[in-house]
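Numbered from 1 within each chain, the chains take letters A, B, ... in sequence-line order.
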Amino acid sequence: MARQSTLLEFLNASKRAKRAAGAGGSSPKGTRDTSRKEGGENREKRGEDRNLLEMLLSELNKKRVSAIIEDKAQKEGRDAAEVEERKPEQKRLEIHESVAREVSVEARVEGDETSKSGVEDGAAQDGKEEAKPVILGKHVFRPTRVSDKPLVKRPKRVLNTRGYILGVYYDGEEGKAYTKIVDENGEVVVVYDVYGHKPYFLTDLPPDKVRSIREIITHPSFDHLETVERMDLLLWRKVTMTKIVVKDPNAVRVLREKVPKAWEANIKYHHNYIYDLQLIPGMPYIVEAGKYKLAYKTGEEEAKKVYEIFADEDEETRRLAVDWIPLFEAPPPKPRMLALDIEVYTPFKGRIPDSNKAAYPVISVAFASNDGLRKVMILARPGLRFGEPTANYPADAEIEIFDSEVALILETIRLINNYEVVITFNGDNFDFPYLHNRAVKLGIPKSILPFRHTRDYISLHYGFHVDLYKLFSIKALQSYAFGSAYKEFTLDAISEALLGEHKIPVETSISDLTASELAAYNFRDAMLTLKLLTFNNYLVWKLVILLMRISKLPLEDVTRSQVSAWIRNLFYWEHRRRGLLIPRKEDLRLLKGEQKSAAVIKGRKYAGAIVLDAPAGVFFNVVVLDFASLYPSIIKKWNLSYETVNPEHCPGGKLVEVPDVGHRVCMSVRGITAQIVGLLRDFRVRVYKKKAKDKSLSEEERHWYDVVQAAMKVYINASYGVFGAENFPLYAPSVAESVTAIGRYTIKQTVRKAADLGLKVLYGDTDSLFLWAPSEDKLQELQRFVEENFGLELEVDKVYRFVAFSGRKKNYIGVYPDGKVEVKGVVAKKRNAPMFLKKAFGEVLELLGQASTPEEFLVVKKKIRDKLHEVYKRLKEKDFMLDELAIHMALTKPVNEYANIPPHVRAAIQLMQAGVHVMPGDVIVFVKVRSKDKVKAIQLAKLHEVDTDEYIKTVRTAFEQVLGAIGMSWDDIVGSTKLEAFFARRF
DNA sequence: GCGGACTGCTTACCT
DNA sequence: ACAGGTAAGCAGTCCGCG
């Protein structure tokens, strides 16, 4: 069969054809808009860049040919065999009827040189090279020119607008803070500060003392001094502070060292701006003459309702509750969003190209947007073939072939500039730096690039950049918002868990794919990236907006920082609102650092929760009770806050002592963290969990309220932990250990009461109690006891038909009345367990679910015995595939940083020696073999090397966790095998 | 020199 | 860089025994 022609060969042929027809390039117009005003940039430099760019574009327009491929065959219902037969170079070109005018060009197909007719001339008459698509086999090519749309786009600077504040930044050149807003037309605009706000920090030195510090007042950035009053919660009194105002945020870092004590000197300037203006990122605003007004008003009815719901709270808390309503009620913005993903050529298999060097071409860029753009742009290069479109081929996407990498990147820039929100997966560390560095390398002037590099991430001049890798890596989101559905932070794992979709598997290197495979692969990634932010009616986007509103952090910050940064910002903002001095970390450490409990685990700072001993055996009719959000409720009920625990001064003098650890808590004034955590908790329980289920609301509204309660949950669940985290600026060990101590006290007292009532407590962990066949009235009495004595809710969390306990803590199997099985902590369920084990375990669980009475257990036990028998036999006979035996384990750090060399690291070393690149986060897949290393990376192993005995040991430990519970033992099973074998031999 | 007891490191889980 | 508690596998060491 004839050799398939490559893309480049085809493109060159087209060019020759075009030249023959005299359709030359015209002068570019695409640069007209590049001179948009931008604060304070060097004009001359820009002029040079513009000339450079014009030359570049003019050159490109002369040379450039691009094309579109479409899945024409599919549309026309041709079968695969015919497609196979229609090799491009043997086939004729046709006009694509849906786009082009009805012009037959059959004549000019064979032999490109001769093939010219009126089509191109028609285009020339328009003064434009309009797209003239031609079909080539399955693909349609469309020669086009570099478009006229502006390459450089900067947000318009305005003083009056309406829209959502999504960003707050500092412009170093102009020395001003500015907000970035998606306005009501869906365009990004910026509003520069008109308040004359300047960076500052505080000191307790009086102004005259500060004036005597020459280094401060002679500093070029020094502006002036002010005297301000703040409430110091640590001392519980008003303090007079000197505000040292400067012209440049960097000066704060220098000058804070020149005073003995500095306050509020470790706050990023753009955050400080948010606090002082009391801005709420994510909310709609009206801006008039540069001044901000919230564009959402709570209805009187709604305000009244909430005020009544919080009737048991003090007046201040009730007002705060009403103030918070808009955060949860204002509708979210719906900007246009573009997801993009790039693919880069690399001659090295299995290695990610270095984005700093950007040494190899960008070979493909895929786009998917929420306004319907579906596009892949592919670079034609020597040897690149179309191949046949596979099952994954993106039939609905426009596929454009470029013969110039510069043109491809310019088009990418244009598209990035056309959207308000640009979504990537790992764009901060790969796609954007690669595009940037590659563009520079190819001579594209820096000034036209859309990327704005900040210290921590890559932003955009025009729109906002959301890097989903960063977003989904936020631990609190992973566990509290997505229920730990995904365990690895890869596009594939996250998509699988949340969308039920996968990346397209690639056997070889990306660089070896045909154009249609590359298009499919690349496009799928872009599509998954878009979907992750927009699936389920924009669930994740709505969540992000709510997280912004609660934390008061801008979009690009909130999607890139962990929960402690959100909570910190929320507290700082509330401090500023109330005129409170934000405490210094060292003062907190000094006053709140006292720890009275010892951790069970070495290396931890204080004692945590209690886990009751678990029995071994099967128990029917088990009711699981749990304390509704125990720790946040404790924080609220016990008024725990950094200023109320072991206070210097307790106005009102009402102190209570924390059991076990003996810290004293001031109850006569409201603790700030107790109030905020309590309010979020109560809002969630009393208002939004209910609204999320309210059938009188529309589905759209319920969806929104469900996201509202989920966002609150993230904050609530993380609220205790941050006070025990050393890096949290409000770190207060005495607060953290008070929470857990009260938790231990509460559960202990409840267990005691249960025993008094004659209830049988089987097990309990932190905030849960497993009761064996409790009577309804005693159960209610226990709940009443908890409510009356601790002010906490003890809820029925779940009811099991039976629970099989293995005798180990955090390890049991519960079976619901409907036969659904829930497995906790059992090794066979863990991520690293080999597949054959998981499968066998799943089958055993299914059998277990069949038992609904103790009698039925006898039957089930027999079945389980047979099943395990079979597994044992198959292992002995090595009747498994290698990958069924594979153990998966993640590297948490670079291989050379391990003190011990555990098996998975040994396997990783083997891979490195074989030339495979391994990084932290990589999951190493290995099998146990009979060799010196005892393990082998699966890529290097053979089935016959497998160490059967080791696997039998694994199976034994795994199943003993179940067998023990149901009165069986592994030895019985293996024993009977031996017995059987014994008899088999004899008779 | 061998093997069991022990400690520490590591991962994955539970709440 | 939100917390502590539990299980399990394995590396390495100590110590008693012969």
Side-chain angles (χ1 to χ4, degrees), chain A residues 473-480 483-484 487-488 561-568 595 597-614 624 626-627 629-632 635 677 714-733 735-741 743-744 747 763-770 797 806-812 822-833 887-893 897-906 908 920-921 923-924 928 933-935 950 953-954 956-958 960-961:
Chain A
S473 300
I474 299 170
K475 307 272 165 37
L477 279 190
Q478 181 198 16
S479 49
Y480 304 134
S484 299
K487 305 266 149 71
E488 290 162 61
S561 51
Q562 297 288 337
V563 70
S564 65
W566 307 348
I567 296 180
R568 177 200 66 210
Q595 276 161 242
S597 62
V600 172
I601 306 166
K602 221 202 286 184
R604 305 254 155 121
K605 293 170 298 232
Y606 57 89
I610 281 188
V611 186
L612 304 182
D613 280 329
V624 182
D626 86 339
F627 292 90
S629 42
L630 179 67
Y631 287 176
I635 290 173
V677 172
V714 177
Y715 283 88
I716 294 161
N717 285 349
S719 62
Y720 139 74
V722 293
F723 289 105
E726 268 169 289
N727 289 319
F728 187 60
L730 300 176
Y731 172 55
V735 174
E737 73 170 353
S738 294
V739 176
T740 56
R744 293 193 297 274
I747 197 166
Y763 173 64
D765 184 350
T766 311
D767 61 354
S768 66
L769 288 175
F770 288 60
D797 182 29
S806 66
R808 297 157 183 79
K809 294 174 175 182
K810 300 180 190 286
N811 189 300
Y812 60 86
E822 195 169 63
V823 186
K824 296 288 182 184
V826 177
V827 292
K829 186 199 153 188
K830 295 194 177 182
R831 163 154 71 112
N832 52 8
I887 297 160
H888 299 242
M889 210 172 280
L891 286 178
T892 56
K893 49 191 171 188
E897 284 176 26
Y898 280 86
N900 282 342
I901 309 293
H904 69 292
V905 179
R906 225 173 305 138
V923 176
I924 306 296
K928 296 188 175 186
D933 272 1
K934 289 187 187 168
V935 294
E950 277 298 317
K953 267 195 226 165
T954 310
R956 183 196 173 118
T957 14
E960 270 177 351
Q961 297 185 353

From C-beta outward on Thr766(A), which listed nucleotide comes closest to its side chain: dT15(B), dA7(C), dA1(C)?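 Side chain of Thr766(A) sits closest to dT15(B).
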To the nearest Å, how far apart are Tyr631(A) OH and dG4(C) C1'?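 Computing the Tyr631(A):OH to dG4(C):C1' distance gives 7 Å.
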Any side-chain N or O of Arg808(A) below 4.0 angstrom from OP1/OP2 of dA8(C)?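 Yes, Arg808(A) has a side-chain N/O under 4.0 Å of OP1/OP2 on dA8(C).
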In whole Å, what is the span from the CD1 atom of Ile901(A) to the P atom of dT10(B)?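 Rounded to the whole Å, the gap is 9 Å.
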Just how far, in rounded Å, is P of dG4(C) from CZ of Phe723(A)?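 Distance check: Phe723(A) CZ to dG4(C) P gives 15 Å.
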Over how many whole Å does the gap from Glu950(A) atom CD to dG9(C) atom P extend?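 These atoms are roughly 10 Å apart.
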Kindly say if Lys829(A) contacts the phosphate of dC14(B), meaning a side-chain N or O under 4.0 Å from OP1 or OP2.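 Checking dC14(B) against Lys829(A), a side-chain N or O does come within under 4.0 Å of OP1 or OP2.
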Is atom NZ of Lys893(A) surrounded by more than 12 heavy atoms (other residues, nucleotides or ligands) closer than 6.0 Å?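 For Lys893(A), atom NZ is crowded (more than 12 foreign heavy atoms under 6.0 Å).
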Aromatic plane relationship, His904(A) with Tyr898(A) - under 30° parallel, 30 to 60° tilted, over 60° perpendicular: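 If you compare the ring of Tyr898(A) with that of His904(A), the planes turn out perpendicular.
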Would you please confirm or rule out a distance under 4.0 Å between OP1 or OP2 of dG9(C) and any side-chain N or O of Lys953(A)?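 Checking dG9(C) against Lys953(A), no side-chain N or O comes under 4.0 Å of OP1 or OP2.
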Answer with base, sugar-phosphate or nothing: what part of the nucleic acid does Asn727(A) contact at a heavy-atom distance below 4.0 Å?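 If one applies the 4.0 Å heavy-atom cut-off, Asn727(A) turns out to touch a base.
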Salt bridge flag under 4.0 Å for residues Lys934(A) and Glu950(A):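 Not counted as a salt bridge, because no side-chain N and carboxylate O are separated by less than 4.0 Å.
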Would you tabulate the nitrogen or oxygen pairs shorter than 3.5 Å linking the protein to nucleotides 7-9 of chain B?
from: dG8(B); atom 1: OP1; to: Lys602(A); atom 2: NZ; distance (Å): 2.9
from: dG8(B); atom 1: OP2; to: Lys602(A); atom 2: NZ; distance (Å): 2.9
from: dC9(B); atom 1: O4'; to: Asn900(A); atom 2: ND2; distance (Å): 3.2

Quick one: which of dA1(C), dT11(B), dG5(C) gets closest to the side chain of Thr892(A)?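 For the Thr892(A) side chain, the nearest candidate turns out to be dT11(B).
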If you define the side chain from C-beta out and look only at heavy atoms, does anything of Trp566(A) sit under 4.5 Å from Val714(A)?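 Trp566(A) vs Val714(A): side chains touch.
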Return the 5'-most residue of the pair Arg604(A), Gln562(A) with respect to DNA chain C, ranking by each residue's nearest nucleotide.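 It is Gln562(A), whose closest nucleotide lies nearer the 5' terminus.
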At under 4.0 Å between heavy atoms, what does Gly721(A) touch on the DNA or RNA strands: base, sugar-phosphate, or nothing?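 Result for Gly721(A) = base.
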Should Tyr763(A) and Val611(A) be marked as a side chain to side chain contact (heavy atoms under 4.5 Å, CB included) after you check the CA-CA gap, both sets of side-chain angles, and the distance that decides it? CA-CA 8 Å; Tyr763(A) 173 64; Val611(A) 186; 3.7 Å; yes
Closest to the Pro903(A) side chain, choosing from dA8(C), dT10(B), dC10(C):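 The nucleotide sitting nearest to the side chain is dC10(C).
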Which nucleotide in the list dT10(B), dA12(B), dG5(C) gets nearest to the side chain of Ala599(A)?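 Output: dG5(C).
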If I take atom CG in residue Asp933(A) and atom P in nucleotide dG9(C), what distance separates them, rounded to the nearest angstrom?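 One finds 20 Å between P of dG9(C) and CG of Asp933(A), rounded.
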When you measure only distances, ignoring hydrogens and angles, does the side chain of Tyr480(A) come within 3.5 Å of the base of dC2(C) through a donor and an acceptor?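 Result: at least one qualifying N/O pair found.
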Minimum-distance nucleotide to Val827(A) side chain [options: dC2(C), dA8(C), dT6(C)]: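 Looking only at heavy atoms from C-beta outward on Val827(A), the closest nucleotide is dA8(C).
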Hey, does the side chain of His904(A) come within less than 4.0 Å of dT11(B)'s phosphate (OP1/OP2), counting only N and O?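 Yes, within the criterion.
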Reckon Lys830(A) touches a base, only the sugar-phosphate, or nothing at all at heavy-atom distances under 4.0 Å?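 It contacts base atoms.
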N/O (side chain, Tyr763(A)) to phosphate O (OP1/OP2, dC14(B)) under 4.0 Å: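 No.
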Answer with base, sugar-phosphate or nothing: what part of the nucleic acid does Ser719(A) contact at a heavy-atom distance below 4.0 Å?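 It contacts nothing in the nucleic acid.
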Can you list the steps and then say if Val739(A) with Phe723(A) is a side chain to side chain contact (heavy atoms under 4.5 Å, CB included)? CA-CA 10 Å; Val739(A) 176; Phe723(A) 289 105; over 6 Å; no
Can you name the one residue among Lys809(A), Lys810(A), Arg808(A) that meets salt bridge (charged side-chain N to carboxylate O under 4.0 Å, His left out) with Asp613(A)?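 Looking at Lys809(A), Lys810(A), Arg808(A), the match for Asp613(A) under the salt bridge (charged side-chain N to carboxylate O under 4.0 Å, His left out) is Lys809(A).
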Whole angstroms only, please: what is the CE-P distance between Met889(A) and dA12(B)?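 Result: 6 Å.
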Compare side-chain N and O positions of Ser564(A) against OP1 and OP2 of dC2(C) and report whether any pair is under 4.0 Å apart.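 Looking at the OP1 and OP2 atoms of dC2(C), one of them is under 4.0 Å from a side-chain N or O of Ser564(A).
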From C-beta outward on Gln961(A), which listed nucleotide comes closest to its side chain: dG5(C), dC2(C), dA7(C)?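 Of dG5(C), dC2(C), dA7(C), dA7(C) is nearest to the side chain of Gln961(A).
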Can you measure Phe728(A) atom CZ to dA1(C) atom P for me and round it to whole angstrom units?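 Spelled out: CZ on Phe728(A) to P on dA1(C) is 12 Å.
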Measure from the side chain of Ala725(A), starting at C-beta and using heavy atoms only, and say which of dA3(C), dT11(B), dG5(C) lies closest.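 For the Ala725(A) side chain, the nearest candidate turns out to be dA3(C).
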Min side-chain heavy-atom separation Thr740(A)-Tyr720(A) under 4.5 Å: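 Thr740(A) vs Tyr720(A): side chains touch.
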Counting only side-chain heavy atoms from C-beta out, which of dA8(C), dG5(C), dA12(B) sits nearest to Lys810(A)?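 Looking only at heavy atoms from C-beta outward on Lys810(A), the closest nucleotide is dG5(C).
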Let's see if you can work this out: which of dT10(B), dG5(C), dA7(C) has an atom nearest to the side-chain heavy atoms of Lys809(A)?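 Output: dA7(C).
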Separation of Asp767(A) atom CG from dA3(C) atom C1', in whole Å?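 It works out to 13 Å between those atoms.
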Let's see if you can work this out: which of dG4(C), dC10(C), dA7(C) has an atom nearest to the side-chain heavy atoms of Lys928(A)?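 Per side-chain heavy atoms of Lys928(A), the pick is dC10(C).
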Considering residues at least two apart in sequence or located in another chain, which fulfil the ring pair (Phe, Tyr, Trp, His ring centres under 6.0 Å) criterion with Phe627(A)?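 Not a single residue meets the ring pair (Phe, Tyr, Trp, His ring centres under 6.0 Å) criterion with Phe627(A).
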